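Because the structure is predicted, anything quoted here is derived from the model rather than measured.
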Amino acid sequence: MINYTKKLNTSREIYPIDNIEISVESDRGRIISTPAFRRLQKRTQVFPLELNAAVRSRLTHSIEVQQNSRYIARTILEKIKKENKIKTYHLEDLENAFISTAEMSSLVHDIGNPPFGHFAELSINDWMKNIGVKCLDKLYENISEKNLNLKQMLVEDITNFDGNAQAIRIIKYLQRLNLSYSQTASVLKYTRGAFEKKPESNDKLNYLKKKPGFYYSEKEFVKKVCDALEIKQGCRFPLTYIMEAADDISYLTADIEDAVDKGVFTLDDLYRYINEECKKVNEKYKKDETFLLDLINKYYKKAKEQEEEPYQFNLFLTLTRANLINYLVKYVADVYLQNHQEIFDGSFNKALLDFDKANKYSLAIEVLQNISIKYIYNNREKQALELKGHTILHGLLNCYRPLLELSSSDFKKLVLKQKIDCFVSSRLIGRLSSKHIVAYSKAIEELNSEDKQRYNLLEWYYRARLIIDYVSGMTDDFALDEYKTLTAS
């Protein structure tokens, strides 16, 4: 049975708000006001260290996803009204909450992403696997059998940094936003802990678990949120499907538009690429689908006829994007309602846009994705910038490595501003964010110190989280400046 009062309500960890409308507005204000959201304006979307303000940052991308999400949510509600099922689904007083929760989850979905784009996630994990964890091994060589499983779990967790999981950490501990459980759950895109094994192919929820959605440090909090909203283990909050679809739709044309602004290819190149790729995709599926070709032929011709060369692409993309989004929004709204019970339960094991791999919309999506992969993501200049970001992140983590080499007692002294026999570490601790240090200290306070070995393992884990929190929370330009400062380059 679908009853949205079980999913959209005012429950939150502290200071609950009784009125759903005020609760929703409170969440909106907390998200927009948080420094983690503002930092998105200087974080990479596709092209690292980009100076051209017309090229998308994480912030401008998030605003576009927000709008798509709002459009999808409104379309779903309109369709429900036409079916006279608003009361059936207990949505009569929750329409604003439905739209706003989907909208704000989209606005905040990227706050956990590190500087320099998704490549940076791989870079952080590479450093932690090959360098960071060795600090732990050196400090604590002989682990008892009782604590060996804990160590292995923590190592798995700390070497699986993911922007989605980091977003939950920011919401709960680093910014302490105290969002409603509904708003928090809407951001939880994947349902597997970073400390858990990847799902088997026969797992009925393998798509929802394909990436880490939260860390060991937020494990109990996530359980509390899911229990409050009656979300079964491994399942997802229903409005998260809307956020994911909005994000997927945004990517289709945004990266291509940025590539043209960057001079990666021209409008004529793009027109040729789409024609070539449509032919290949049709051959792959033995189809003769012309949906995307009809769309681009119509607007390519109009742009060529009506505009001077510098503005042709703007007209072409504006018309193409608007119409494509309109078609896709209506499509995903239909998919949402066709699979409503599964989506409400959170067990629908795919993205809305992946529902039917062989229809005209899916083929169009594959064409645009193939163009992005071939001509944008594998672009020589973009990859050079990613390698630059990799060097910066590894350099920064290497600079902070001495903090991970300290014993738990020495690091505790540093946090308490006491002297230790490592002058480098005493300087490094002062550069870390005070908010992050508070999050570390609170986590340590809650540990049981009776089992010293277990305490030491968990203390090091939270210390490693502290370093990752700081580095991953930097903007592109701040990371570059900090790297230059610490390496005297």
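- Comment: Lys7 does not engage Glu230 in a salt bridge, judged by the lack of any side-chain N to carboxylate O separation of less than 4.0 angstrom.
- Electrostatic pairing of Arg401 and Glu405 counts as a salt bridge here, judged by a charged N lying under 4.0 Å from a carboxylate O.
- Side-chain atoms of Asn147 never come within 3.5 Å of backbone atoms of Ile143 as a donor-acceptor pair (strictly under, hydrogens ignored).
- Using modelled atom types and a 3.5 Å distance limit, the side chains of Gln453 and Ser144 yield a donor-acceptor pair.
- No more than 12 heavy atoms of other residues, nucleotides or ligands lie within 6.0 Å of CD in Glu450, so this atom counts as exposed by the packing criterion.
- With sequence neighbours excluded, the residues satisfying side chain to side chain donor-acceptor pair (under 3.5 Å) with Lys223 are Asp227.
- Scanning all heavy atoms of the two residues, the minimum distance from Ser23 to Arg12 falls at OG-NH2, 2.8 Å.
- For Glu257, the salt bridge (charged side-chain N to carboxylate O under 4.0 Å, His left out) partners are Arg56, Arg321, not counting sequence neighbours.
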Salt bridge (Lys or Arg N to Asp or Glu O under 4.0 Å) evaluation trace for Asp476 with Lys388: CA-CA 11 Å; Asp476 291 16; Lys388 185 176 181 179; over 6 Å; no
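- Remark: side-chain polar atoms of Ser100 are not paired, donor with acceptor, to backbone N or O of Asn96 under 3.5 angstrom.
- Ring-centre distance between Tyr440 and Phe411: below the 6.0 Å cut-off.
- Salt bridge annotation for Lys209-Glu196: absent, with no cationic side-chain nitrogen under 4.0 angstrom from a carboxylate oxygen.
- Listed for the Thr240 side chain is no donor-acceptor partner under 3.5 Å among the backbone atoms of Arg236.
- Every residue meeting the ring pair (Phe, Tyr, Trp, His ring centres under 6.0 Å) condition with His61, not counting sequence neighbours, appears here in chain and number order: His109, Tyr251.
- Minimum interatomic distance between Ala464 and Leu404 (heavy atoms only, all atoms of both residues): CA-CD2, 3.7 Å.
- Using a 4.0 Å cut-off between charged side-chain N and carboxylate O, Lys452 and Glu459 make no salt bridge.
- The minimum heavy-atom distance linking Pro238 with Tyr4 is given by the pair CG-CE2, 4.4 Å.
- Within the structure, salt bridge (Lys or Arg N to Asp or Glu O under 4.0 Å) contacts touching residues 418-436 (residues at least two apart or in different chains) are Arg431-Glu482.
- Partners of Phe348 by ring pair (Phe, Tyr, Trp, His ring centres under 6.0 Å), not counting sequence neighbours, listed by chain and number: Tyr241.
- Defined by atom type and a distance below 3.5 Å, a donor-acceptor pair is missing between the side-chain atoms of Asn125 and Thr159.
- Every residue meeting the side chain to side chain contact (heavy atoms under 4.5 Å, CB included) condition with Ala439, not counting sequence neighbours, appears here in chain and number order: Tyr173, Leu174.
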Worked check of side-chain contact (heavy atoms from CB on, under 4.5 Å) between Leu205 and Thr191: CA-CA 9 Å; Leu205 301 175; Thr191 61; 5.6 Å; no
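- Around NZ of Lys442, the count of heavy atoms belonging to other residues, nucleotides or ligands within 6.0 Å does not exceed 12.
- Using a distance-only test at 3.5 Å, with no hydrogens or angles considered, a donor-acceptor pair links the side chain of Thr60 to the main chain of Ser57.
- Between Tyr215 and Phe195, a ring centre-to-centre spacing not shorter than 6.0 Å is recorded.
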Verdict with reasoning, Glu218 to Ile171, per side-chain contact (heavy atoms from CB on, under 4.5 Å): CA-CA 10 Å; Glu218 285 71 58; Ile171 288 169; over 6 Å; no
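- Counting non-hydrogen atoms of neighbouring residues, nucleotides and ligands closer than 6.0 angstrom, the CZ atom of Arg28 exceeds 12 such neighbours.
- A donor-acceptor contact closer than 3.5 angstrom links the side chains of Asn160 and Glu156.
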CA sep, side-chain torsions, deciding dist, call: Leu179, Arg30, side-chain contact (heavy atoms from CB on, under 4.5 Å): CA-CA 8 Å; Leu179 298 179; Arg30 290 163 196 250; 4.0 Å; yes
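- Using a 3.5 Å distance cut-off with no hydrogens or angles, the side chains of Thr34 and Gln175 do pair a donor with an acceptor.
- Not a single donor-acceptor pair under 3.5 Å links the side chain of Asp110 to the backbone N or O of Arg58.
- Judged by distance alone, the side chain of Ser250 and the main-chain N or O of Ala246 form no donor-acceptor pair under 3.5 Å.
- Scored by the ring pair (Phe, Tyr, Trp, His ring centres under 6.0 Å) test, Tyr207 finds no partners at all (sequence neighbours excluded).
- Between the side chain of Ser186 and the backbone N or O of Gln183, at least one donor-acceptor pair lies under 3.5 Å.
- With sequence neighbours excluded, the residues satisfying side chain to side chain donor-acceptor pair (under 3.5 Å) with Ser409 are Ser407.
- When all heavy atoms of Val471 and Pro115 are compared, the closest pair comes out as O-CD, 3.8 Å.
- Under a 3.5 Å cut-off, the side chain of Asn130 and the backbone N or O of Asp126 do form a donor-acceptor pair.
- Listed by first then second residue, pairs satisfying salt bridge (Lys or Arg N to Asp or Glu O under 4.0 Å) with a partner in residues 31-45 read Lys42-Asp477, not counting sequence neighbours.
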CA sep, side-chain torsions, deciding dist, call: Lys224, Glu220, salt bridge (Lys or Arg N to Asp or Glu O under 4.0 Å): CA-CA 6 Å; Lys224 186 187 292 185; Glu220 295 306 318; over 6 Å; no
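- Between the side chain of Thr391 and the backbone N or O of Leu387, at least one donor-acceptor pair lies under 3.5 Å.
- In this view, Asp481 satisfies the salt bridge (charged side-chain N to carboxylate O under 4.0 Å, His left out) rule with no residue, not counting sequence neighbours.
- Applying the salt bridge (charged side-chain N to carboxylate O under 4.0 Å, His left out) test to Arg176 and every residue at least two apart in sequence or in another chain returns nothing.
- Because its NZ or CZ atom is not both nearer than 6.0 Å to the ring centre of Phe214 and within 45° of the ring axis, Lys219 does not count as a cation-pi partner of that residue.
- Shown here are the ring pair (Phe, Tyr, Trp, His ring centres under 6.0 Å) partners of Phe161, two or more places apart in sequence or in another chain: there are none.
- Tyr400 places no side-chain N or O within 3.5 Å of a backbone atom of Ser425 that could act as its donor or acceptor partner.
- In this structure, Asp469 pairs ionically with Arg169, as a charged nitrogen and a carboxylate oxygen lie closer than 4.0 Å.
- Counting non-hydrogen atoms of neighbouring residues, nucleotides and ligands closer than 6.0 angstrom, the CG atom of Asp18 reaches no more than 12 such neighbours.
- By the 6.0 Å contact criterion, NZ on Lys412 is open, its count of non-hydrogen atoms from other residues, nucleotides or ligands being 12 or less.
- Across all non-hydrogen atoms, the minimal contact from Ile124 to Leu397 is CA-CD1, 4.4 Å.
- Ala333 and Thr75 get closest at one heavy-atom pair: CB-CG2, 3.7 Å.
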